[in-house]
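In what follows, a single structure is set out as structure tokens and then discussed.
So that the names make sense, note that chain A is the first sequence line, chain B the second, and so on, each numbered from 1.
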2 protein chains.
Amino acid sequence: MKKKVTLKQIARELDVSVSTVSRALADSKEIGENTRRRIQAYAKFLNYKPNNIALSLKNKKTKTIGVLIPEIVHHFFSTVIRGIEIVANERGYNVIVGLSNESFSKEVLNMEMLANGSIDGFVLSISKETLLKQDYHHFNETINQGIPIVMFDRVVNEVECDKVIVDDFKGSVKAVKKLIANGCKHIGLITTMDYVSVGRLRTQGYLRALEESQMYAAPNLILKLDDMVSLEENLDVLENEIEQLFKKNPKIDGVFAVNELYAVTAMKVAKKLGLAIPDDLQVIGFTDGVLSKHASPSLTIVSQHGQKIGEKAADLLIDRLEMDEDDGDANISDNTREQAFETCVIETEIIERESTK
Amino acid sequence: MKKKVTLKQIARELDVSVSTVSRALADSKEIGENTRRRIQAYAKFLNYKPNNIALSLKNKKTKTIGVLIPEIVHHFFSTVIRGIEIVANERGYNVIVGLSNESFSKEVLNMEMLANGSIDGFVLSISKETLLKQDYHHFNETINQGIPIVMFDRVVNEVECDKVIVDDFKGSVKAVKKLIANGCKHIGLITTMDYVSVGRLRTQGYLRALEESQMYAAPNLILKLDDMVSLEENLDVLENEIEQLFKKNPKIDGVFAVNELYAVTAMKVAKKLGLAIPDDLQVIGFTDGVLSKHASPSLTIVSQHGQKIGEKAADLLIDRLEMDEDDGDANISDNTREQAFETCVIETEIIERESTK
DNA sequence: ATATCGTTCGGAAACGTTTGCGTTAAAAAT
DNA sequence: ATTTTTAACGCAAACGTTTCCGAACGATAT
């Protein structure tokens, strides 16, 4: 078992000092041609690689970014991670992930864990429990320690930081207007409780679209589901609720659902009730996962481009991290170096498939 | 912006030495009652948390494990990560993920990146390109550096380490036998090229089941798809291939597919060709993802319990890491401390749904 | 011949910890 | 009264780097 080779070891065996080795490997002109070459050759021979931990300690930066998400077994979040990973890798950063599992305390613990030197900054999406409690102290404390945060998807005004969101509102308006343009007269909405910002915004988009088309949003047509229902376990509860929606609204001819599961379940229930898709009923969902693509009929969706979100979030974070770098010797500094926080909106896009005409 | 508080700072402000602070916080009895309490109180007041990087450097262990997978936007892999995360968290470890994207060079680079001090050990699944090239030097070198590896799912005999796999062979036999028991006489197989071990094993399972039931495995009934086809992009190619399979075998009445996508696509094509499921054709897939649960009809599958795989892999790795700990002062040592490598098989389970009788 | 300078390198500090060992003073033993 | 013990703490090394500062030495300038 070959132990890791260190500067000290090279120095000893080549009978020079550690600093000389360090400089030689950095190609410093302070070191003579011959010694420099000799050291470099030997180092390459031993396959020397500097110890990241030591570098981190010295430089006070770890070149790794912490990603904190509520759940990883979820198509949207994994595409975001992929995006983050891609640009992180490109720019020389590592990614360490923490799962909050939608729990407030796990979110806090994970943050504290990572904030003690392990990472340079966070990319995160807030857990549902945190949104419910509206307790954001851990975010603000982290930021106050000088660790920047970029939030995506589930964001909150109470924390000042860079944010990356999708145009939930606009996307929903577009979707519902498409249903209207396609001839739908009675459009149902299947959504979540309002405390999840994205659910609320998508609901508002639905309302706005109807309003702008001089259509009445019958309360009967709106199904608000609480979280217990979206759990995979009680799929039957979900189906039941949706069935009630259809039965209460026999004239329903369009459905807008705020996520994929609701949408495909709606199609399933509709088919059971003898409704033909898209002839009797057209369906559009929000998100893009695997379900929508492979359902039959395949589902028309509002795509949110998770990967692009991840890429943008990582870019924002790293930009800020590397801006802070040349902050110490801010001599030319216009006195406010702090770059203003940015909220970046990733455009959604409707992908038409078989569930609409 | 409050800078991170350090031992030195506490020491200065309390007019004691750094070592005294360190010991006081560690509750050492070497430090007097009063100073100890005074220091502890002040530390708590300042919300002192030790710097992980400094600890890592000192202890030569980072308490983080590296996870290297081919792809993250994949239900199976994300469930595995979830499993890893759960036990890692429980046992005080962090998880840093790297994506090889099925590429050999990215796999190597990622490993080298992380192996330089960032992690204590790896949990990984081999990329397809690596399997093709059969170049495993990076794994062996890493192990040789004293960094243990646990492989899961896609493993390889050429590397000696702990492994966690599913009983691909046995699971496939079970699945195909179930089709036979359900009355299928002509069972098709949709599988991948042989160099991916899991594909090969599942194919062998199919063959064995037929053999044991004195059935002939007609070459016509076996569809081996290369990887280009499994890409989401050319879904139509996949559908076309499967359609040919059905047309060449009009008497086909059962299908065993080695992954979810193949299985649901088979159902889709079958429905298009006018076959009723499960009456005319029964289908079983390997894996468990979201598709199978929500397809219509829902898909009977061989579930591989990704989360359990992740949990076991993480446990094996951490066990080995913490075994190595008390290895230095191995005084009572029966001369071979090295624990033998373990290959752990996670049992599969057939989950019956609507695609079988 | 002396002063100045540039080249080439080593020593040491620093990053934040932990820990073996030494030191001091007071308490206990002789 | 002198020695030994013990309690309570500080010093310094170590982990692996980078980098500031200074040292040595030969070469050039005066």
Side-chain angles (χ1 to χ4, degrees), chain A residues 2-40 42-43 46-63 115-120 145-146 325 328-329, chain B residues 2-40 42-43 46-63 115-120 145-146 325 328-329:
Chain A
K2 300 165 197 257
K3 269 278 134 241
K4 275 248 84 178
V5 26
T6 119
L7 285 189
K8 191 190 297 187
Q9 177 187 340
I10 298 185
R12 195 178 337 113
E13 291 170 13
L14 252 46
D15 206 52
V16 291
S17 81
V18 177
S19 42
T20 303
V21 179
S22 175
R23 274 187 269 249
L25 295 181
D27 246 332
S28 159
K29 349 101 220 96
E30 283 204 49
I31 305 299
E33 269 284 326
N34 342 355
T35 29
R36 205 188 326 164
R37 275 217 259 273
R38 197 166 56 105
I39 293 175
Q40 288 178 355
Y42 192 59
L46 289 188
N47 192 27
Y48 167 80
K49 297 279 168 50
N51 181 310
N52 286 331
I53 297 292
L55 285 179
S56 296
L57 182 58
K58 178 119 255 277
N59 302 331
K60 289 167 150 299
K61 63 186 47 150
T62 60
K63 287 277 188 178
N116 293 320
S118 302
I119 54 99
D120 294 339
Q145 274 181 31
E325 252 172 34
D329 39 296
Chain B
K2 301 167 196 255
K3 270 276 134 244
K4 275 249 85 179
V5 27
T6 115
L7 284 189
K8 191 189 296 187
Q9 176 187 340
I10 298 185
R12 196 181 332 116
E13 290 169 15
L14 253 46
D15 206 52
V16 291
S17 81
V18 177
S19 42
T20 303
V21 179
S22 175
R23 275 186 267 250
L25 295 181
D27 245 333
S28 158
K29 351 95 213 105
E30 285 205 49
I31 306 299
E33 270 282 329
N34 343 355
T35 30
R36 206 189 323 165
R37 275 217 260 270
R38 196 166 56 106
I39 292 175
Q40 288 177 354
Y42 191 60
L46 289 187
N47 192 26
Y48 168 81
K49 298 278 168 47
N51 181 309
N52 286 332
I53 296 292
L55 285 180
S56 296
L57 183 58
K58 179 123 255 278
N59 301 332
K60 288 168 151 297
K61 62 188 46 153
T62 61
K63 286 277 187 180
N116 293 319
S118 302
I119 54 99
D120 293 340
Q145 275 181 32
E325 252 171 32
D329 39 297

Below 3.5 Å, can you tabulate the donor-acceptor pairs from side chains in residues 13-22 of chain B to any protein atom, sequence neighbours excluded?
residue	atom	partner	partner atom	Å
B/Glu13	OE1	B/Tyr42	OH	2.3
B/Ser17	OG	B/Ser19	N	3.4
B/Ser17	OG	B/Ser19	OG	2.9
B/Ser17	OG	B/Thr20	N	3.2
B/Ser17	OG	B/Thr20	OG1	3.0

Query raised in the report: What integer distance in Å separates A/Lys61:NZ from D/dT18:C1'?
Result: 13 Å
Report summary line: Tested for side-chain contact (heavy atoms from CB on, under 4.5 Å) against B/Leu46, the lone hit among B/Gln9, B/Lys4, B/Lys2 is B/Gln9
Report task. Using whole Å, report how far CZ of B/Arg37 lies from C1' of D/dC9. Result -> 18 Å
Report task. Please determine, for the side chain of A/Leu7, which listed nucleotide (D/dC11, D/dT17, C/dG10) has the closest atom? Result -> D/dT17
**Report entry** Most 5' of B/Lys29 and B/Ala54 on DNA chain D, judged by nearest nucleotide
**Finding:** B/Lys29
Query raised in the report: What nucleotide among C/dT18, C/dG16, D/dT18 has an atom nearest to a side-chain atom of A/Leu57?
Result: C/dG16
Query raised in the report: Do any side-chain nitrogens or oxygens of A/Lys8 fall under 4.0 Å of OP1 or OP2 in D/dC15?
Result: yes
Requested in this report: Please determine if a side-chain N or O atom of A/Thr6 lies less than 4.0 Å away from the OP1 or OP2 oxygen of D/dT17.
Outcome: yes
Report task. May I have the distance from B/Leu14 (atom CG) to D/dA8 (atom P), rounded to whole angstrom? Result -> 17 Å
Report summary line: Closest of C/dT18, C/dC15, C/dT8 to the B/Lys58 side chain is C/dT18
Query raised in the report: Counting only side-chain N and O atoms of A/Ser22, is one of them less than 4.0 Å from OP1 or OP2 of D/dT18?
Result: yes
Query raised in the report: Expressed in angstrom and rounded to an integer, what is the separation of B/Ile53 atom CD1 from D/dA14 atom C1'?
Result: 17 Å
Query raised in the report: So, do B/Lys49 and B/Asn47 sit near enough that their side-chain heavy atoms are less than 4.5 Å apart?
Result: yes
Requested in this report: Would you kindly give the CD-to-P distance between A/Gln9 and D/dG16, to the nearest whole Å?
Outcome: 10 Å
**Report entry** D/dG16 base / A/Arg12 side chain donor-acceptor hit below 3.5 Å
**Finding:** no
**Report entry** Which nucleotide in D/dG16, D/dG10, D/dC9 has an atom nearest any side-chain atom of B/Ser19
**Finding:** D/dG10
Report summary line: Between B/Arg36 and B/Lys60, the residue closer to the 5' end of DNA chain D by nearest nucleotide is B/Arg36
**Report entry** Sequence-distant partners of A/Leu57, side chain to side chain contact (heavy atoms under 4.5 Å, CB included), two or more places apart
**Finding:** B/Ile53, B/Ala54, B/Leu57
Query raised in the report: Atom CD of A/Glu30 to atom C1' of D/dT18: distance rounded to whole Å?
Result: 12 Å
Report task. Search all heavy atoms of B/Asp120 against all heavy atoms of B/Thr62 and return the closest pair with its distance. Result -> OD1-N, 2.7 Å
Report summary line: Between CG of A/Asn59 and C1' of D/dT18 the distance, given in whole Å, is 8 Å
Report task. Can you check whether any acceptor in the base of D/dC9 is under 3.5 Å from a donor in the side chain of B/Thr35, or vice versa? Result -> no
Query raised in the report: What is the distance from CG of A/Leu55 to P of D/dT19, rounded to the nearest Å?
Result: 10 Å
